[in-house]
Amino acid sequence: MRDLGVGFKYLVQGQKWVGSHGRWFGFGLLPGLVTLVLYVGALVGLGYGADDVAAWATPFADDWSSPWLGFLRGTLTGLVFAFGLFLAVITFTAVTLLVGQPFYESLSEEVDRSQGGDVPESGLSLWRELWISARDSLRVLLRVAFYGILLFACGFIPVIGQTVVPVLGFCVSGFFLAEELTAVALQRRGVELKERLTLLRGRRMATLGFGVPLTLAFLVPFVAVFLMPGAVAGATLMARDLRGETAGDDRDGDSQENDQERGNLPSSGGNKGVHHLPH
């Protein structure tokens, strides 16, 4: 349980970091604002259409008497909207990170730089980084969709569906939200999706301590936009912890040499192929 506090600490530290680096906070707001407009429109449309979806999915109940018809379709309408909101919380981060890839990667590098030691760099072109991010986000989304459908079905179980299932939903959302955010720093270190998931499962409570409060905060309109820069900063700090890196001495010499061979760390030749925002 102690790791829950550790994860939350990184979330708070990330917000403090951007609070003391106002320029990076401003850069980080732009992608979130663009994405927010798109998602608000989608959720409003879902809110108006959820009852129609419930009626379409339950034609067998047309002749049911009150209150059973209203109870069934009211419950299903709530579940449809909750499922849409569940997916919105997860995909919002993925889409925002994709839209703001150069912004957030530079922010993450600056956090690494502020901790001392070497700053890992992917050495990949912008389009290659976007392709990898989009591919990995799709893989994560498929996992989320699987758990979402499973939890959606369990939502019809009396009592459990109204108590345990929502808690599990927030835990699933928080875990994969943390994965999306730590991916910004871990991709620069050459860590593939499978290995990232293994790292996060190894520190599951810390991952939930970071991701679940952020998931809850993201449910409040507009909050996600303002928390995103700090969330990326905090996720970078947590990624350093997951990798066993310390300020001023990220990893031992052998690990750094191996990363240079894979192209994860810059060689003495400079910062080729890396996209930085102007300081």
Q.
Using the salt bridge (charged side-chain N to carboxylate O under 4.0 Å, His left out) criterion, which residues pair with Arg204? Sequence neighbours excluded.
A. none

Q | All salt bridge (charged side-chain N to carboxylate O under 4.0 Å, His left out) counterparts of Asp241, not counting sequence neighbours | A | Arg203

Pairing residues for [X] by the side-chain hydrogen bond (donor to acceptor under 3.5 Å, both in side chains) criterion, not counting sequence neighbours:
X: Thr207; result: none
X: Gln101; result: Glu105, Ser133
X: Thr198; result: none
X: Arg143; result: none

Grouping I, L, V, M, F, W and Y whenever their side-chain heavy atoms are under 4.5 Å apart, do [X] and [Y] come out in a common cluster?
X: Val223; Y: Val44; answer: yes
X: Val159; Y: Leu151; answer: no
X: Phe170; Y: Leu150; answer: no
X: Leu138; Y: Leu97; answer: no
X: Val40; Y: Val95; answer: yes

A side-chain contact here means heavy atoms from C-beta on lying under 4.5 Å apart; do [X] and [Y] qualify?
X: Leu177; Y: Phe218; value: yes
X: Cys154; Y: Ile160; value: no
X: Val6; Y: Tyr10; value: yes
X: Arg240; Y: Val111; value: no
X: Leu29; Y: Met228; value: no

About how many Å separate [atom2] of [Y] and [atom1] of [X], when rounded to the nearest 0.5 Å?
X: Leu227; Y: Leu181; atom1: CG; atom2: CG; result: 10.5 Å
X: Thr236; Y: Leu107; atom1: OG1; atom2: CG; result: 7.0 Å
X: Lys9; Y: Leu237; atom1: NZ; atom2: CG; result: 9.0 Å

Q.
Angle between ring planes, Phe92 versus Tyr39, binned at 30° and 60°: parallel, tilted or perpendicular?
A. perpendicular

Test: [X] and [Y] ion pair at under 4.0 Å:
X: Asp112; Y: Arg189; result: yes
X: Arg243; Y: Glu195; result: yes
X: Glu180; Y: Arg139; result: no

Q) Taking atom CZ of Phe8 as the centre, does the number of heavy atoms from other residues, nucleotides or ligands within less than 6.0 Å exceed 12? A) no

List the atom of [X], the atom of [Y], and the distance in Å for their closest heavy-atom pair.
X: Leu214; Y: Ala231; result: CD2-CB, 3.7 Å
X: Ala185; Y: Ala239; result: CB-CB, 3.9 Å
X: Phe210; Y: Ala178; result: CD2-CB, 4.1 Å
X: Tyr104; Y: Gly32; result: OH-N, 4.1 Å
X: Gly155; Y: Val165; result: N-CG2, 4.2 Å
X: Arg196; Y: Asp136; result: NH2-OD2, 3.1 Å

Q: Give a yes or no on whether the backbone of Val172 and the side-chain of Tyr147 come within a donor-acceptor separation of less than 3.5 Å.
A: no

Q. So, Thr182 side chain and Glu179 main chain: donor-acceptor pair closer than 3.5 Å or not?
A. yes

Q.
Ignoring hydrogens and geometry beyond distance, is a side-chain donor-acceptor pair present between Ser108 and Arg188 at under 3.5 Å?
A. yes

Q | Intermediate values then yes/no, side-chain contact (heavy atoms from CB on, under 4.5 Å), Trp24 and Trp17 | A | CA-CA 9 Å; Trp24 291 102; Trp17 191 93; 4.1 Å; yes

Q.
Please determine whether side-chain contact (heavy atoms from CB on, under 4.5 Å) holds for the pair Leu197 and Val140, giving the CA-CA distance in whole Å, both sets of side-chain angles, and the decisive distance to 0.1 Å.
A. CA-CA 10 Å; Leu197 291 173; Val140 169; 5.6 Å; no

